[in-house]
**Q** 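Below you will find the structure I want to go over with you.
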Amino acid sequence: QVQLVESGGGLVQAGGSLRLSCTASGRTFSDFAMGWIRQAPGKEREFVAAINWSGRRTDYADSVKGRFTISRDNAKNTVYLQMNSLKPEDTAGYYCAARLGLAVVTTPREYDYWGQGTQVTVSS
């Protein structure tokens with residue numbers, strides 16, 4: 001089992017920045033590919049960003065490319081999502097997810113473990 005705890009969400013004005021963190025416990029963190037998925041009220045889960053076990057490979061949804069950056073620190077068992085130039089349409093619950101394996105994972109249903117989520121609200 002892996003436990004994931006997100007932090008860093010909040011209310012920010014459009015154009016602002018936030019950094020989300022997700023700290024894992026329970027298993028060797030570098031055994032897992034990690035991702036961020038978001039879900040807005042009344043909408044389906046949406047892939048945001050993913051990173052492989054080493055941090056050398058990443059992938060992003062088109063809607064966040066150039067604005068969001070995913071990174072990880074395996075020594076700290078933590079994955080980050082730096083979000084810049086935030087827009088009102090980025091408002092959602094943001095969830096950290098983990099999948100046992102080495103490769104980047106861009107499909108939400110393929111993740112094995114999920115955090116409880118952190119809310120990001122962007123005001124216009």
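Remember, predicted model here, so these are calculated numbers, not experimental data. These values consider heavy atoms only, across backbone and side chains, with no hydrogens, waters or symmetry-generated copies.
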**Q** Between side-chain atoms of residues 8-33 and protein atoms elsewhere (two or more places apart, or another chain), which donor-acceptor pairs fall under 3.5 Å?
**A**
from	atom 1	to	atom 2	distance (Å)
S17	OG	N84	OD1	2.9
T23	OG1	T78	OG1	3.2

**Q** Would you find a donor on one side and an acceptor on the other, under 3.5 Å apart, between the side chain of Q82 and the backbone of F68?
**A**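 Here the side-chain-to-backbone pair does not exist.
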**Q** Are I51 and L81 connected in a single hydrophobic cluster, I mean Ile/Leu/Val/Met/Phe/Trp/Tyr linked by side-chain heavy atoms less than 4.5 Å apart?
**A**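 Yes, L81 and I51 fall within the same hydrophobic cluster.
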**Q** Looking at every heavy atom in both W36 and I70, which two are closest together, and how far apart are they?
**A**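 Smallest heavy-atom distance, with atoms named: CD1-CD1, 3.6 Å.
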**Q** Name each donor-acceptor pair under 3.5 Å that joins a side chain in residues 97-113 to protein atoms two or more places apart or in another chain, with its distance.
**A**
from	atom 1	to	atom 2	distance (Å)
R99	NH1	E110	O	2.7
Y111	OH	V105	O	2.5
D112	OD2	L100	N	3.1

**Q** Kindly write out the residues that satisfy side chain to side chain donor-acceptor pair (under 3.5 Å) with E89, not counting sequence neighbours, or none if the list is empty.
**A**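 Counting only residues at least two positions away or on another chain, E89 forms no side chain to side chain donor-acceptor pair (under 3.5 Å).
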**Q** Check the pair W53, M34 against side chain to side chain contact (heavy atoms under 4.5 Å, CB included), reporting the backbone distance first and the verdict last.
**A** CA-CA 7 Å; W53 72 277; M34 301 296 297; over 6 Å; no
**Q** Does anything in residues 36-90 pair up under disulfide bond (SG atoms under 2.5 Å apart), and if so which pairs, sequence neighbours excluded?
**A**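 Qualifying pairs, neighbours excluded: none.
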**Q** Which salt bridge (charged side-chain N to carboxylate O under 4.0 Å, His left out) pairs, counting each pair once, include a residue from residues 69-81, with sequence neighbours left out?
**A**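 Qualifying pairs, neighbours excluded: none.
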**Q** Could you tell me if the side chain of V48 sits less than 4.5 Å from the side chain of Y60, heavy atoms only?
**A**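 They are not in side-chain contact.
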**Q** Quick check: does any side chain N or O of T91 sit under 3.5 Å from a backbone N or O of V122, one acting as donor and the other as acceptor?
**A**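 Checked: pair present.
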**Q** Tracing side-chain links under 4.5 Å among I, L, V, M, F, W and Y, which residues wind up in one group with V5?
**A**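 Result for V5 is none, singleton.
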**Q** Going by heavy atoms in the side chains, are Y80 and T69 under 4.5 Å from each other?
**A**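 Not in contact.
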**Q** Show every salt bridge (charged side-chain N to carboxylate O under 4.0 Å, His left out) that has at least one partner inside residues 58-67, sequence neighbours left out.
**A**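 Residue pairs with at least one partner in residues 58-67: D62-K65, R67-D90.
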**Q** Can you list every pair that meets disulfide bond (SG atoms under 2.5 Å apart) and has a residue in residues 39-90, with sequence neighbours left out?
**A**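 Qualifying pairs, neighbours excluded: none.
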**Q** Quick test of your reading: applying disulfide bond (SG atoms under 2.5 Å apart), list the pairs with at least one residue in residues 26-94, sequence neighbours left out, ordered by first then second residue.
**A**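 Output for this query is empty, none listed.
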**Q** Would you list the pairs meeting salt bridge (charged side-chain N to carboxylate O under 4.0 Å, His left out) in which at least one residue belongs to residues 41-50, sequence neighbours left out?
**A**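 Qualifying pairs: R38-E46.
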**Q** Quick check on the hydrophobic clustering: are Y94 and L4 connected, directly or via other members, by side-chain heavy-atom contacts under 4.5 Å?
**A**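 They do share one cluster, since a chain of ILVMFWY contacts under 4.5 Å joins Y94 to L4.
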**Q** Which word best sums up how the rings of Y95 and W114 line up, parallel for under 30°, tilted for 30 to 60°, or perpendicular for over 60°?
**A**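 Geometry flag for W114 against Y95: perpendicular rings.
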**Q** Check for me, please, whether V64 and V120 land in the same ILVMFWY cluster - side-chain distances under 4.5 Å, paths through other members count.
**A**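 Looking at the clustering, V120 is in the same group as V64.
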